[in-house]
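First up is the structure itself, then whatever we jot down about it.
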Amino acid sequence: MRNIDIAWIFYEMADLMEIKGDDFFKIKAYRSAAKTISRLNQPVEELVRRGVFNKIPGIGKAINAKTREILETGTCRTYQELLDQVPRGLLEIRSLPGIGPKKARILHQKLGVTSLEELEEAAKRRLVRKLPGISAKTEHEIVRNIRSLKEGRSQVLLGLARELAKELVEYLENLPEVARAEIGGGTRRWKETVSDVDIVAAADDVNGVLDAFTAHPRVTKVLQRDSNRIQVNTWWGVPVDLTVVTVDEFITAWHRNTGSRKHYQHLSLLAEEKGFKLSHKQLVDAYGRELEVQDEEDIYRHLGLEYIPPELREDNGEIEAAQTGTLPRLVELEDIKGDLHVHTNWSDAAGSLEEMVEGARKKGYSYMAITDHSGSLKIANGLDAARLKKQVKEIEKLNQQFDDFTILTGVECDILADGSLDHEDELLAQLDVVIASVHSHFQQDKETMTNRIISAIEHEHVDIIGHVSGRLLGRRGGYELDVERVLEAAAKYNTVMEINSSPDRLDLSEENTRLAKELGVKVVINTDAHDLKRLNEIEYGVAVARRAWLTPDDVVNTREVEDLLKNLK
DNA sequence: GCCGTTTTCGGCCCGACTGTTTTCAGTCG
């Protein structure tokens, strides 16, 4: 059991107990334990073995015992009992906007619905509006939300897709009959969401590999099996598509599998114009000779092109640029010198100041900004002026320990409803990095929200605008916002726009990042990490930047600290 | 459920909005 699997069970138990109507604080205890477990750096199994697991704050007798039970049996009795009492479908109903635990329970008790389908049916028969606290208007909303949920359900977030893909590829690589296995498709191109996970493997014994693959514990169902390809369903409902080819065909097959379809079609056309023929099996020249393909670079080289990295393969002009040798030198993970958006346990994160700094140093960064929440964000234990000043002092002290690393002082300051900031100007002026973000009043109209954010952009001490659209992928779209006006203002006032790397945000989106570059806006790639592990999510933000054709010069945190500070206000 | 050199019981939990309401419960970030 991985930590995330254990945490998942506790999260689900909390959700089930909530619908059941259990004690608020008990539910809270389960959620906090789940959160703690998901943020641990070491496997729970090892911590249990060393006898230190139950010493972790928030892990008491009961959760410790259940964790041990889960480690041994893969589940626990209380969890199974909860599942017997509360139909799992209610969790989906509960996830509809405006439906909380109480309404989910009433819907179940009064109408007997146990799934989204049954609820939709009941709503169509106008039974839902008869319930207390639910009007005809809400009933319509329910139907609308169920429909949009069903449409969105087919999309998988990149973070989940990559995690699953990496695990499966590693499994395949360890099979003796597999010579090579790689992630393909949109997951390899780092698309923000994908319809499935594509994997390509090279092996002679195709059937042996397909059999072994179906035996993997993450595989829940075989959807379709052909001679060299299998489609399965896995945990969390993510479909996976595995293609097995011979070693000789691997590169051409992997290249085609990676796509995108439009990129590949364009390349094939280009090949035809030269009299070549590109297929998933080989590349043949005008004389019918098979050209040597050792890696993907060879394919592009034979076609007279610069190598095109997977992130650019969308037929957005990359082939034309590769023909003329004008592809940009894309920003890379190694270019990033520091993270400018990091939280600590001073507000709502898991790690201490020292731990986060150590994590950043281990990543090879030369600086990091500590940017905890500001006071009005009560739920995140935001820092008021006094605590922020105290933190600044602490950082100054800690900074003296290092001569090769700089901790920058900072804040993620709330942009209040009227566009003003949550700290006094005088205090903001003393900080190295001021990020301004929206965390409240999401329902303002487009004009108000746009002006609100522009007020922050114009502010003399605001260096960066955090996660500008406010979207949470798969959960909520952003608020109403005129992004173009916002970016124009950012260009004018020299305010940097953040690419928030969190896989459920990716905000700036790829599209908005492109627009930012067009308008001459500088960008920073940040993690917004709330624990050590999530410092690694920087790769997702780098991927967004790459897909938007950004070079190191477009990204301020590719610079050394002195140069960086010159580029901030 | 977790926590505790003031407590082994009684705290833990914030503020705003929204919709359905005649005074507020439920939801959300």
Side-chain angles (χ1 to χ4, degrees), chain A residues 7 9-37 53-69 76 78-79 81-82 90-91 93-109 128-142 144-145 343 347-349 373-384 412 414-418 422 437-445 448-449 466-467 469-473 475-479 502 504-505 507 528 530:
Chain A
I9 291 178
F10 287 137
Y11 273 128
E12 217 168 87
M13 285 177 78
D15 289 345
L16 293 166
M17 285 190 285
E18 200 168 37
I19 293 173
K20 217 182 117 204
D22 274 347
D23 178 62
F24 175 89
F25 297 103
K26 183 175 168 182
I27 294 163
K28 196 169 170 260
Y30 273 87
R31 288 232 168 88
S32 107
K35 198 169 176 182
T36 302
I37 289 169
F53 180 66
N54 60 354
K55 306 281 193 296
I56 298 169
I59 308 294
K61 248 167 104 177
I63 291 194
N64 182 44
K66 289 188 177 71
T67 304
R68 286 166 162 269
E69 193 184 342
C76 76
T78 323
Y79 175 50
E81 283 164 15
L82 278 167
L90 288 187
L91 294 179
I93 290 175
R94 154 92 175 75
S95 73
L96 290 169
I99 305 292
K102 303 267 166 59
K103 291 217 171 87
R105 189 167 60 217
I106 289 174
L107 287 165
H108 179 226
Q109 282 170 348
V128 177
R129 65 179 68 181
K130 295 200 170 70
L131 298 176
I134 297 180
S135 64
K137 193 179 153 209
T138 310
E139 191 181 70
H140 287 134
E141 275 298 289
I142 288 174
R144 205 177 59 83
N145 285 322
H343 294 273
S347 63
D348 62 344
H373 291 289
S374 60
S376 78
L377 205 61
K378 302 281 183 202
I379 194 164
N381 190 24
L383 278 62
D384 59 19
E412 182 181 14
D414 263 44
I415 305 174
L416 303 175
D418 62 355
D422 199 19
S437 308
V438 167
H439 289 116
S440 63
H441 300 88
F442 294 94
Q443 69 296 336
Q444 286 178 338
D445 63 68
T448 311
M449 186 58 91
H467 48 68
S469 87
R471 71 174 180 174
L472 289 175
L473 289 166
R475 276 188 283 165
R476 65 160 198 241
Y479 28 73
S502 177
D504 54 3
R505 286 195 186 270
D507 184 12
D528 196 358
H530 282 65

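Remember, it's a predicted structure, so these values are computed and weren't measured experimentally.
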My understanding is that a pair needs two contacts under 3.5 Å, Watson-Crick or G-U wobble. By that rule, which nucleotide pairs with B:dG26? B:dC17

From A:Ile415 atom CD1 to A:His441 atom NE2, the distance as rounded to the nearest 0.5 Å: 13.0 Å

Sticking with atom P, work out how far B:dT20 lies from B:dA16, rounded to a whole angstrom. 22 Å

Counterpart residues, salt bridge (Lys or Arg N to Asp or Glu O under 4.0 Å), relative to A:Arg471 (two or more places apart): A:Glu192

List in chain and number order the residues that pass side chain to side chain donor-acceptor pair (under 3.5 Å) with A:Asn145, two or more places apart in sequence or in another chain; answer none if no residue qualifies. none

Would you indicate which nucleotide in B:dC2, B:dT20, B:dG29 comes nearest to any side-chain atom of A:Thr138? B:dT20

Could you state the atom-to-atom distance from CZ of A:Arg31 to P of B:dC2 in whole Å? 16 Å

Sequence-distant partners of A:Ser437, side chain to side chain donor-acceptor pair (under 3.5 Å), two or more places apart: A:Glu412

Taking only the P atom of each, what is the distance from B:dT21 to B:dG26 in whole angstrom? 13 Å

A:Lys55 atom NZ is separated from B:dG4 atom P, nearest whole Å, by 13 Å

In this structure, how many angstroms lie between the P atom of B:dT20 and the CD1 atom of A:Ile134, rounded? 9 Å

How close or far is atom P of B:dC2 from atom NZ of A:Lys26, stated in whole angstroms? 10 Å

Which whole-number value in Å describes the distance from A:His373 NE2 to B:dG29 P? 14 Å

With C1' as the reference atom in both, quote the distance from B:dG1 to B:dT5 in angstrom, rounded to an integer. 23 Å

Tell me: CD of A:Glu412 to P of B:dG29, nearest whole Å? 16 Å

What are the atom names and distances for every N/O pair under 3.5 Å that joins the protein to nucleotides 24-28 of chain B?
from, atom 1, to, atom 2, distance (Å)
B:dT27, OP1, A:Gly100, N, 2.6
B:dT27, OP1, A:Gly100, O, 3.4
B:dT27, OP1, A:Lys103, N, 3.1
B:dT27, OP2, A:Lys102, N, 3.3
B:dT27, O5', A:Gly100, N, 3.4
B:dC28, OP1, A:Gly98, N, 2.5

Could you list the residues that satisfy side chain to side chain contact (heavy atoms under 4.5 Å, CB included) with A:Lys20, not counting sequence neighbours? A:Asp22, A:Leu82, A:Gln85, A:Val86

In whole angstrom, what separates A:Glu139's CD from B:dT20's C1'? 15 Å

Contact check, side chains of A:Ile19 and A:Leu91, non-hydrogen atoms, under 4.5 Å: yes

Nearest-nucleotide 5' precedence on DNA chain B, A:Leu131 against A:His439: A:Leu131

Between protein and nucleotides 6-17 of chain B, what N or O pairs are separated by less than 3.5 Å?
from, atom 1, to, atom 2, distance (Å)
B:dC17, OP1, A:His441, NE2, 3.1

How far, in whole Å, is B:dC12 from B:dT18 if one measures between their P atoms? 29 Å

List in chain and number order the residues that pass side chain to side chain contact (heavy atoms under 4.5 Å, CB included) with A:Ala65, two or more places apart in sequence or in another chain; answer none if no residue qualifies. none

When the P atoms of B:dC2 and B:dT6 are considered, how many whole Å apart are they? 23 Å

Excluding sequence neighbours, so at least two apart, what forms side chain to side chain donor-acceptor pair (under 3.5 Å) with A:Arg129? A:Glu139

Results of side chain to side chain contact (heavy atoms under 4.5 Å, CB included) for A:Asn381 - residues two or more places apart only: A:Arg387

From CD1 of A:Ile59 over to C1' of B:dC3, roughly how many Å is that when rounded to an integer? 13 Å

Using the P atom as the point on both nucleotides, what is the distance between B:dC17 and B:dC13, in whole Å? 23 Å

Determine the interatomic distance between P on B:dG10 and the same-named atom on B:dG15; round to the nearest Å. 26 Å

Answer with yes or no whether the side chains of A:Tyr79 and A:Glu12 bring together a donor and an acceptor at under 3.5 Å. yes

